[in-house]
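Atom set for the values below is all heavy atoms of this structure, side chains included, hydrogens, waters and symmetry mates excluded. The residues of the chain are indexed from 1 along the displayed sequence. Not measured: the values here are computed from a predicted model.
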Amino acid sequence: MAKPIRRSLARRLGRNIGDRRRAVGLTQEQLAEYLEIDTLTVSRYETGNILPPLTVVDVVARLLNTTIADLLGEAPVQPVEHADRIGIWLASLPLSDRDWIEGVVKQLVERCQPRKRGRPRTRPKADKVPPPSPSA
């Protein structure tokens with residue numbers, strides 16, 4: 001690949017990774033930890049000093065809940081919704097804990113839905129939410 005094209009690609013990809021990382025509320029240190037690489041390497045990716053391997057770009061896209069195409073795109077990365085941020089937080093938890101949190105969130109959302117006329121809103125009992133199962 002010609003050097004100017006490679007440099008341009010590295011800068012664009014790095015800028016988009018950094019924008020997306022900040023949008024989901026991660027630090028370079030946290031992203032580096034998820035990728036099991038040095039923080040300086042993440043910094044070099046984001047500044048466009050080095051072009052990450054495609055396998056790393058794939059993992060970054062998944063961690064940041066986006067696609068490789070979006071990270072490579074010319075258009076600025078779109079802001080993320082709360083669900084994207086929460087998804088990243090949950091990704092590091094065991095499946096049983098994620099399932100438990102999903103159940104709790106579902107109950108909270110149902111609780112916040114507009115109520116039907118004539119039905120008083122009642123507080124959910126604390127014992128209705130099952131405790132999280134111990135992590136393996």
Counting C-beta onward and ignoring hydrogens, is there a side-chain heavy-atom pair between [X] and [Y] closer than 4.5 Å?
X	Y	result
Leu13	Tyr45	no
Leu95	Asp99	yes
Val59	Leu63	yes

Working to the nearest 0.5 angstrom, can you tell me the gap between [X] [atom1] and [Y] [atom2]?
X	Y	atom1	atom2	answer
Asp19	Leu71	CG	CG	10.0 Å
Glu33	Leu26	CD	CG	10.5 Å
Asn49	Arg7	CG	CZ	11.0 Å
Leu40	Ile50	CG	CD1	8.0 Å
Asn16	Arg21	CG	CZ	12.5 Å
Arg111	Gln107	CZ	CD	11.5 Å

Do you know the tightest heavy-atom contact between [X] and [Y]?
X	Y	result
Tyr34	Ile88	OH-O, 3.7 Å
Glu46	Leu31	OE2-CD2, 4.4 Å
Arg11	Thr47	CG-O, 4.2 Å
Ile68	Ala61	N-CB, 3.8 Å

Any donor-acceptor pair under 3.5 Å from [X] side chain to [Y] backbone:
X	Y	result
Arg12	Leu72	yes
Arg20	Leu64	yes
Arg98	Leu93	yes
Asn65	Gly87	no
Gln30	Thr27	yes

Within a 6.0 Å radius of atom [atom1] on [X], are there more than 12 heavy atoms belonging to other residues, nucleotides or ligands?
X	atom1	value
Glu29	CD	yes
Arg44	CZ	no
Glu36	CD	no

